[in-house]
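Step one of this worksheet: look at the structure below.
A quick note: this is a predicted structure, and the numbers were derived from the prediction, not measured. Per chain, numbering begins at 1; letters A, B, ... match sequence-line order.
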Protein chains: 2
Amino acid sequence: MESRPLRYFVAVAEELNFARAAERLSISSPPLSRTIRKLEAELGVTLFERTTHTVALTQAGTVLLAEARTALDALEAAGRRARRAGSPEPKLVLAVKADGDAGLMEAILARYAAEPASEPVAVRLCGWGEQPRLLRQGEADAALIHEPFDHTGLDAETVTVEPRVVALAAAHPLAARDRVSLADLDLPVSEPTYPGDLHRYLDKIVDEYGVRDLPQLLKLVALGDIITLLPESVVSLYPRPGVVYRYVPDAPPATLAIAWPQQSRSPATAALVRAAGSLADPEGAHVRRG
Amino acid sequence: MESRPLRYFVAVAEELNFARAAERLSISSPPLSRTIRKLEAELGVTLFERTTHTVALTQAGTVLLAEARTALDALEAAGRRARRAGSPEPKLVLAVKADGDAGLMEAILARYAAEPASEPVAVRLCGWGEQPRLLRQGEADAALIHEPFDHTGLDAETVTVEPRVVALAAAHPLAARDRVSLADLDLPVSEPTYPGDLHRYLDKIVDEYGVRDLPQLLKLVALGDIITLLPESVVSLYPRPGVVYRYVPDAPPATLAIAWPQQSRSPATAALVRAAGSLADPEGAHVRRG
DNA sequence: GCGAGCCGATAACCGCGAGGTATGACAGCC
DNA sequence: GGCTGTCATACCTCGCGGTTATCGGCTCGC
C-alpha cells in the first residue's frame with residue numbers, strides 16, 4: 001500500500017467530486033481518476049459508486065476513509081517527530097488552548113524543570129480541540145486538554161478537576177442568585193451523557209455564531225444571546241462588565257487531562273506527564289488509556 | 001511524507017547495512033542510498049552515522065524507526081481492512097492462538113450469533129503473541145490473547161481470569177504434592193512485575209529450545225528440561241503421560257482478553273466484543289484501553 | 001423533449017525520477 | 001600490498017505520474 005493513492009482517495013472521499021478533489025490536490029483529474037481505479041484494482045474492491053453526476057462512498061470506501069486518515073496522520077507524525085528529534089536542541093512541544101491550562105501551566109513547567117530527564121519546553125498555543133490532531137500528526141509531544149475528546153491513538157492522565165461556573169449576562173434573572181442548579185439553566189443537555197452533550201452544545205454555538213475564542217464567547221454572553229458553562233479557573237482570567245459567573249454545584253466538573261501519543265515512550269515526555277500528574281489530587285487522579 | 005522512503009529506511013535501520021537492505025527490498029543499493037539521503041535532506045536530519053564499514057542509527061533515526069513502523073503498519077491495515085470490507089461476504093476475522101481460548105470459543109461464537117449485528121466469523125489461528133501484529137496490520141478484526149501484551153493502538157477487555165497450574169515432569173519432586181507455591185518453583189521471576197517476567201521467561205525458552213507450540217513445550221516438560229506455568233484450561237486439553245499439572249494458588253492468574261484495533265468502531269466488531277465480554281465474571285471484568 | 005452544461009473516463013503525449021550498471025573511494029585484513 | 005567489503009557517485013533507461021484534448025452520458029432548464 002502506497003501513501004499517494006491513499007491521499008488521493010481521501011481527497012475524493014471528502015469532496016465526493018473528482019474535479020474538486022483534483023483541484024485540491026493541485027493535479028488534473030485524469031491522473032486522479034486513473035489512480036483511484038488502480039487503487040480499486042489493487043484492493044479488488046470498488047470504493048466509489050459513480051454515476052455521471054454523483055459520487056458516493058461504498059461500504060469498503062467508508063472503511064478505507066477512516067483507516068486512511070489515521071494511516072496518513074501516522075505518516076506525517078513520523079516525519080515531524082524525526083525532524084524534531086534531530087533538531088540541534090530538541091524541544092518538547094506542549095500544546096495548550098490559550099487559558100485552557102486551569103492556571104497550572106507555571107506549576108507544571110516548574111515541576112518539570114526539576115525532573116532529571118527534563119528538556120526545554122516550547123508551549124504551542126492552539127485552538128478549540130485542536131490538540132488531538134497536533135498529537136496524532138506529531139506536531140506536539142503532549143497537550144493539556146479538557147475531557148471529553150477523541151482518545152484514539154492517545155494516552156491521557158487526569159491533571160485536575162474543577163467545579164463548573166455558568167457565565168450569565170448581568171441582567172439575567174439568575175444573576176441575582178448566589179449559585180444555580182443545572183435544572184435552572186434549562187440547557188439542551190441530558191445529565192447522564194453530559195460531557196459529550198456540552199461539547200455538542202458548544203460546537204453548535206461555535207458553528208452558529210462563528211466564535212473562535214473565549215472573549216468572543218463572553219461577548220455573546222454579555223449580550224444575553226447565550227449562556228454557557230465554564231471551568232472555574234476562567235473566572236479570574238476574564239472579568240467582564242456585563243458578565244457574571246455563578247457556581248453550578250450539580251454540574252459535572254471540568255476535567256483537565258494531559259495527553260500524549262500512545263507510542264511515545266520518550267523519557268522527556270514521561271517526565272512531563274509525571275510532573276503534570278503529580279499536581280493532581282490523589283483521589284481524583286486516574287489513568288485513562290485509548 | 002511518502003511511504004516508499006520510509007519502507008527503505010526501515011529496511012536499512014533493521015539491517016544496518018545498505019547492501020543487505022537493498023537485497024531485501026529487491027533493488028540495487030544506489031537508489032537505496034540516494035533515497036535515504038533524500039529522506040535525510042527532506043527531514044533536515046541525519047538518520048544514520050556512517051563510516052565506510054559501519055552504519056548506526058542516530059537519535060533521530062531511532063525515533064523515526066519506531067514511528068515509521070507504526071505508520072507502515074497502519075498503511076497495511078488500511079488496505080487489508082478495505083479489501084475485507086468490500087469482499088462479497090465480509091467476514092469478521094477473530095485471531096486466536098490454538099488452544100488459547102480458555103475453552104470459551106464456542107460459547108463466544110454462540111452468543112455472538114445471537115446478536116443482531118452479527119456477521120459470519122472466520123477464526124484465524126496464529127502463533128505465540130502474533131495477535132497484536134495481526135490486529136495492527138488489519139489481518140484480523142479482533143483477537144483472544146493473554147495478558148500481558150503490547151496494547152499500542154489496541155483496545156482490550158477482559159474475558160476471563162483463570163488460575164495457574166504448573167506443568168512438571170512426572171518424576172519431579174514437587175509432583176508428589178497436591179498444590180505447590182510459587183516459592184517452591186524457584187522460577188526466575190519476581191513477584192511484583194510478574195506477568196511481564198513470565199513472558200520474558202517463556203520467550204527465553206522459545207529462543208533457547210526453538211519450541212513453537214504447546215505440544216513441543218510439554219515434551220520439554222516431560223523430559224524434565226523445564227517447568228512452566230500455564231492457564232488451568234490447558235490441563236484437560238493436553239493430557240500427557242510424562243507430565244503432571246499442579247495448581248499454584250499464589251501465582252498471578254492468567255488473564256484472557258479480547259482485543260481489537262482502537263479505531264475500529266464497526267458494529268460487528270462491537271457485537272463480538274460484547275458477546276465475549278458478557279462471559280466475564282462481573283467483578284473481574286474491566287476495560288483497559290491503550 | 002431537446003439542447004446546454006457538467007462531470008467522469010479515455011487517449012495521446014511528455015518529462016521527471018526511480019531503478020539499473022559501472023565505477024570510485026576508502027578502510028580493514030590477511 | 002592486493003583483496004574484500006562497504007557506501008557513494010556518475011550516467012543511462014524506461015516506466016509512471018503528470019498534462020492537454022476529447023469523448024460519452026446523465027441532468028436540468030426552458
Quick check with a 6.0 Å cut-off and a 45 degree axis cone: is A/Arg7 positioned over the face of A/Phe9's six-membered ring?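 Output no; distance or angle outside limits.
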As a quick check of understanding, evaluate salt bridge (Lys or Arg N to Asp or Glu O under 4.0 Å) for A/Glu14 and A/Arg69, giving each step before the final call. CA-CA 11 Å; A/Glu14 286 179 356; A/Arg69 279 181 175 140; 2.9 Å; yes
Measure the shortest side-chain to side-chain distance between [X] and [Y] over non-hydrogen atoms and say whether it is less than 4.5 angstrom.
X       : Y        : value
A/Leu92 : A/Tyr112 : yes
B/Lys91 : B/Arg84  : no
A/Arg81 : B/Leu64  : no

Taking only the side-chain nitrogens and oxygens of B/Asn17, find out if one of them lies under 4.0 Å from OP1 or OP2 of D/dC7.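 Yes, such a contact exists.
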Whichever of A/Ser28 and A/Thr51 has its nearest DNA chain D nucleotide further upstream toward 5':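 Upstream on the strand: A/Ser28.
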Produce the list of close N/O pairs, under 3.5 Å, pairing protein atoms with atoms of nucleotides 8-17 of chain D; give distances to one decimal.
from, atom 1, to, atom 2, distance (Å)
D/dA8, OP1, B/Arg37, NH2, 2.7
D/dA8, OP1, B/Arg50, NE, 3.3
D/dA8, OP1, B/Arg50, NH1, 3.3
D/dA8, OP2, B/Ser33, OG, 2.5
D/dG17, OP1, A/Arg4, NH2, 3.2
D/dG17, OP2, A/Lys38, NZ, 2.9
D/dG17, O5', A/Arg4, NH2, 3.1

Can you check the B/Glu23 CD to D/dG5 C1' distance for me, whole Å?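 Those two atoms, CD and C1', are 14 Å apart.
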Distance check needed: D/dC7 P versus B/Leu32 CG, whole Å only.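 For the pair B/Leu32 CG and D/dC7 P, the rounded distance is 9 Å.
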Is there a salt bridge (Lys or Arg N to Asp or Glu O under 4.0 Å) between A/Glu2 and B/Arg4? Walk through the geometry before answering. CA-CA 7 Å; A/Glu2 292 301 315; B/Arg4 201 178 42 87; 5.5 Å; no
Do A/Arg80 side-chain atoms and A/Gln137 backbone N/O form a donor-acceptor pair below 3.5 Å? yes
Determine whether A/Val93 and A/Val121 satisfy the following criterion, side-chain contact (heavy atoms from CB on, under 4.5 Å), listing intermediate values before the conclusion. CA-CA 6 Å; A/Val93 176; A/Val121 173; over 6 Å; no
Below 4.0 Å from chain B heavy atoms, what is the first contacting nucleotide of DNA chain C and what is the last? C/dA18 to C/dA27
